Amino acid sequence: MSDTHSAPGPAAAPFRYEAALAADIEARWQDFWDAEGVYEAPNPTGDLAADGGAGTADRPKKYIMDMFPYPSGAGLHVGHPLGYIATDVYARFSRMTGHNVLHTLGFDAFGLPAEQYAVQTGTHPRTSTEANIGNMQAQLRRLGLGHDKRRSFATIDPDYYKWTQWIFLQIFNSWYDEAADKARPIATLIEQFESGERETPAGWRPWSELDAAGRAGLLGEYRLAYASDAPVNWCPGLGTVLANEEVTAEGRSERGNFPVFKAKLRQWNMRITAYADRLLNDLDALDWPEAIKLQQRNWIGRSEGARVGFPVRTAAGAERAVTVFTTRQDTLFGATYMVLAPEHELVSGEDSIVPAAWPEDTHAVWTGGHATPSEAVAAYRKQAASKSDVERQADAKEKTGVFTGAYAVNPVSGERVPVFIADYVLMGYGTGAIMAVPAHDSRDFAFARAFELPMRCVVEPSDGRGTDPAGWDDAFASYDARIVNSAGDGLSLDGLTVTEAKARITDWLTERGIGEGTVNFRLRDWLFSRQRYWGEPFPIVYDEDGVAHPLPESMLPLELPEVDDYSPRTFDPDDPDTSPETPLSRNEEWVNVRLDLGDGRGPRMYRRETNTMPNWAGSCWYELRYLDPHNSEKLVDPGIERYWMGPREGQPHGGVDLYVGGAEHAVLHLLYARFWSKVLYDLGHVSSAEPFHKLYNQGMIQAYVYRDSRGIAVPAAEVEERDGAFWYEGEKVTRLLGKMGKSLKNAVTPDEICAEYGADTLRLYEMAMGPLDVSRPWDTRAVVGQYRLLQRLWRNVVDENTGEVTVTDAEPGEAALRALHKAIDGVTQDMAALRFNTAIAKVTELNNHLTKAGGPVPRTVAERLVLLVAPLAPHIAEELWHRLGHTTSVVHEPFPVADPAYVQDETVTCVVQVKGKVKARLEVAPSITEGELEALALAQEPVRAALGGADIRKVIVRAPKLVNIVPA
RNA sequence: GCCGGGUUGGUGGAAUGGUAGACACGGAGGCCUCAAAAGCCUUUGCCUGAAAGGGCGUGCGGGUUCGAGUCCCGCACCCGGCACCA
């Protein structure tokens, strides 16, 4: 980049605010702030408390937090620190308005990218991760972020993950007590079984008859962390399972683009479903963007409906019921067939309903061309299992399935209904079985058309299409209609509205024990284990019977062992019949261990769990550890937690006062963290049932991507604009708005902007670009606008040639005072509402006013202007503050307070409209009366001209700003 | 398909139902300078006009209102999320 504006020359002013001076100022004050510890927030007690708890009792607290970064090797671009700058501005503003502000930043450092990077470069993940953290800290330090460095940590620190493991054990050792509607220690459940207060559930022998392994198995059904065989995304090419979010829409791994298969593997899960209702309900009291709340609500997916049993006989002749979940129990009379998920238990094993031969007159289309039902079912199940999710989705339009050969009985109409299996019914939702009502569900409609199944209209269409589904193009699924054709067996729903019918039939089913009203959730339990090296080891060992035992707290942290090779073992990418080999399992000495768990069993041999936790684990509770980061006895001291996070007026569940981060974590991190928070709350470890009271999503900084004729991105910095077109090396290129990043060759780093203009300019520009929550394109050319603002600010206080302070001790004039107090008033409101873009506009207006006025700026105005700027551009503010003669930091200086007497202008502009069109403008006193104003307005020449002598029908006067005259 | 959010000058954006375009970038012109840079000043929604002025204007079509970028109804397009969830 050119540096013409900083070119040295004889005329250059030595005290001009340019990059070199900005760099000097910024480095100097950053060192000063560090040395003085100005950002250190006192705790009420403990090692981070000030003398006698000073600073905590005498002022309100504010906990301001960022979603912490993942230290990638690529370094930061200017988009990354947007949120960090915003929270920093708000934190600084809050300090100046008298708050004890907790603001710090840690690092989320476990996870696949670090491991992959380490594999590629051949270095240990810890080495590369720590180097990345160092680089990122250096980049961030340049921005002047006011973090309490004593509270920072990385999730890979054993002192930190000791407590991640501890929380896992808390969750493992808990169960959800429906009666108390909260999690309780598993010991309370064992007591209930032992005392006989609680009986073992159906299918289990009594507690007293169970052996140790049996009891462990039973408790596993209750624990909030439990192992189970679940289908997972297995990627042989990477040698590891992947989270859903690590698999592309094409069913391939995001890294390496390898195929991903479903495989059943024994995995750890978290029973987040136990909290579905509370996770849903507690959203109401949170100050979060509606869009995010909605995403969580949809993700949790609560639906009210009913479970209904359809009698069926197994092939062996036993009586069973196919239980379905439906939200449309009102259409039960219209259920003309049933569908089970291909994996449903009633189509395999001893309880199978699949008969030996097709019933007489079975429709040819139903059999799929197979000679027997079991052949057809087996073939379909195999085909469904081999399909990836993506294929299943792609085929969604085409309904496939096959008849099981079995019939069930519709419990209200008494009719025999054929039972199918089809992959449009998912095993993981509801009961994995549906009653199909083709006339009133478009999926059932499509299936019924394909398989020539009967349809019965039981809700009279309100759109005039008639009651014969034969002529319909699609199902009638509207709720705004009445029930028809629904009578029999002492029950009639005819004439009722959908809502009335739902209630009526639910009662009827309940009375007869056929069904019951129920609530179903879409939310699934959280798969919590990964076959990777770079994650928290599970504090679990297995005995010779394969029973899992928790490590005692005294054995934490269980540190990651060294292994010969921490990379996953990879396989033929296209071979699904492989299984992962966990890196930790390669260290036999670590895996096979003799321990005394202190449970009275004495020292014996155990095998360690060799899975690791997912990268979400560390970020599930970090807001708690910032509070009390060095506590070796507890994850957080209860008093300290209550001080910073406890419930209070308007925040019934407690939590962080402001949490800023990207919207991409809407249903992952933010849901997981809420879940852990509630478990810890239930178990009495914290007073806050929610981690984040107020959430704010910052927008993305976008950048133009330039592509040549082959579609390849070209370096954006070298593209020229000519005649409305874009050129790179003489070739015409196309421009599109996209993400910023190395691969698109359009990354701009904070380092280069800081080098060119200084950190204060960068901070100001990022805050001035637009509202914080909106995405917008980066424009390096426009940065200079904020640079000029700081230069004018500087010149309003300091002589560029001598470095002398130029302010005058003379009293400011009326105009200066009004400009000042209007700015103070506006900036204060904007800052409090995170509207930093308009706050900067108001600062600019004041500064421009002072520039334009000429002459020395009155000291009282200059000082308050500096204070207004301090949260946004802290370095230049600190420098000017000291040059103005102060010896203490601007960081804790009180924010200026507006004097209402000067906030209003001396005169206001009143517009005079005729029929809503502006015809004249008047300068009037704010106190003018309506009568005076009306008379004045009517006397205006342009107004009289516009009226042209017409009669006046009405005059609307809104003194002192507006008069609107409506002619007859 | 369903659910959210959006659409304002050449650009980023600003506007408790009451002056549309604050503030900034970019453009044009000027001052200063031997010259340039920087800085400062003026100007900059569109059309029309020498000017004064006039007309038009917040994605499109309606509506409510004395008055609509803002509220209501319908539509188009863009962005994001979910997606056979019974």
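Every chain is numbered from 1, with letters handed out A, B, ... down the list of sequences. All values reported here derive from a predicted model rather than from experimental measurement.
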When rounded to the nearest Å, what value does the distance between [atom1] atoms of [N] and [M] take?
| N | M | atom1 | answer |
| --- | --- | --- | --- |
| B:U43 | B:G61 | C1' | 37 Å |
| B:G63 | B:A68 | P | 12 Å |
| B:G21 | B:C75 | C1' | 27 Å |
| B:C60 | B:U65 | P | 23 Å |
| B:G27 | B:G9 | C1' | 13 Å |

field: Centroid-centroid distance, A:F447 to A:Y337, less than 6.0 Å
entry: yes
message: So that I know where these two stand, are A:W299 and A:F521 an aromatic pair - ring centroids less than 6.0 Å apart?
response: no
[X] side-chain proximity, nearest of [options]:
| X | options | answer |
| --- | --- | --- |
| A:S303 | B:A22, B:C84, B:A86 | B:A86 |
| A:K954 | B:G26, B:C66, B:A83 | B:C66 |
| A:K917 | B:C84, B:C56, B:A22 | B:C56 |
| A:W299 | B:A24, B:C82, B:C25 | B:C82 |

query: Should A:Y424 and A:T400 be marked as a side chain to side chain donor-acceptor pair (under 3.5 Å) after you check the CA-CA gap, both sets of side-chain angles, and the distance that decides it?
result: CA-CA 8 Å; A:Y424 84 92; A:T400 63; over 6 Å; no
- prompt: Is B:G13 syn or is it anti, if syn means the base angle is within 90 degrees of 0?
  reply: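 B:G13: anti.
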query: Mind checking who B:A52 pairs with, Watson-Crick or G-U wobble, both distances under 3.5 Å?
result: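 Pair assignment: B:A52 / none.
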Find every protein N or O atom lying less than 3.5 Å from an N or O atom of nucleotides 15-19 of chain B, and list the pairs.
unit_1 : atom_1 : unit_2 : atom_2 : d
B:G18  : O6     : A:R958 : NE     : 3.3
B:G18  : O6     : A:R958 : NH2    : 3.4
B:G18  : N2     : A:N964 : ND2    : 3.3
B:U19  : O2     : A:R921 : NE     : 2.8
B:U19  : O2     : A:R921 : NH2    : 3.3

Check: protein-nucleotides 39-48 of chain B nitrogen or oxygen pairs below 3.5 Å:
unit_1 : atom_1 : unit_2 : atom_2 : d
B:G39  : O3'    : A:R795 : NH2    : 3.0
B:C40  : OP1    : A:R795 : NH2    : 3.3

Whole Å only: how far is the [atom1] atom of [X] from the [atom2] atom of [N]?
| X | N | atom1 | atom2 | answer |
| --- | --- | --- | --- | --- |
| A:K915 | B:C66 | NZ | C1' | 11 Å |
| A:D423 | B:C84 | CG | P | 11 Å |
| A:L668 | B:G81 | CG | C1' | 12 Å |
| A:F521 | B:A86 | CZ | P | 13 Å |

- request: Within residues 287-298 of chain A, find the residues that approach RNA chain B with a heavy atom at under 4.0 Å, and present them sorted by residue number.
  value: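 When residues 287-298 of chain A is checked for heavy atoms under 4.0 Å from RNA chain B, the hits, listed by number, are A:A291, A:L294, A:Q295.
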- request: Check for a donor-acceptor pair, side chain of A:K502 on one end and backbone N or O of A:T327 on the other, with a separation under 3.5 Å.
  value: yes
message: My understanding is that only one of A:L922, A:V957, A:I928 makes a side-chain contact (heavy atoms from CB on, under 4.5 Å) with A:C910; could you say which?
response: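 So, applying the side-chain contact (heavy atoms from CB on, under 4.5 Å) to A:C910 and each of A:L922, A:V957, A:I928, only A:L922 qualifies.
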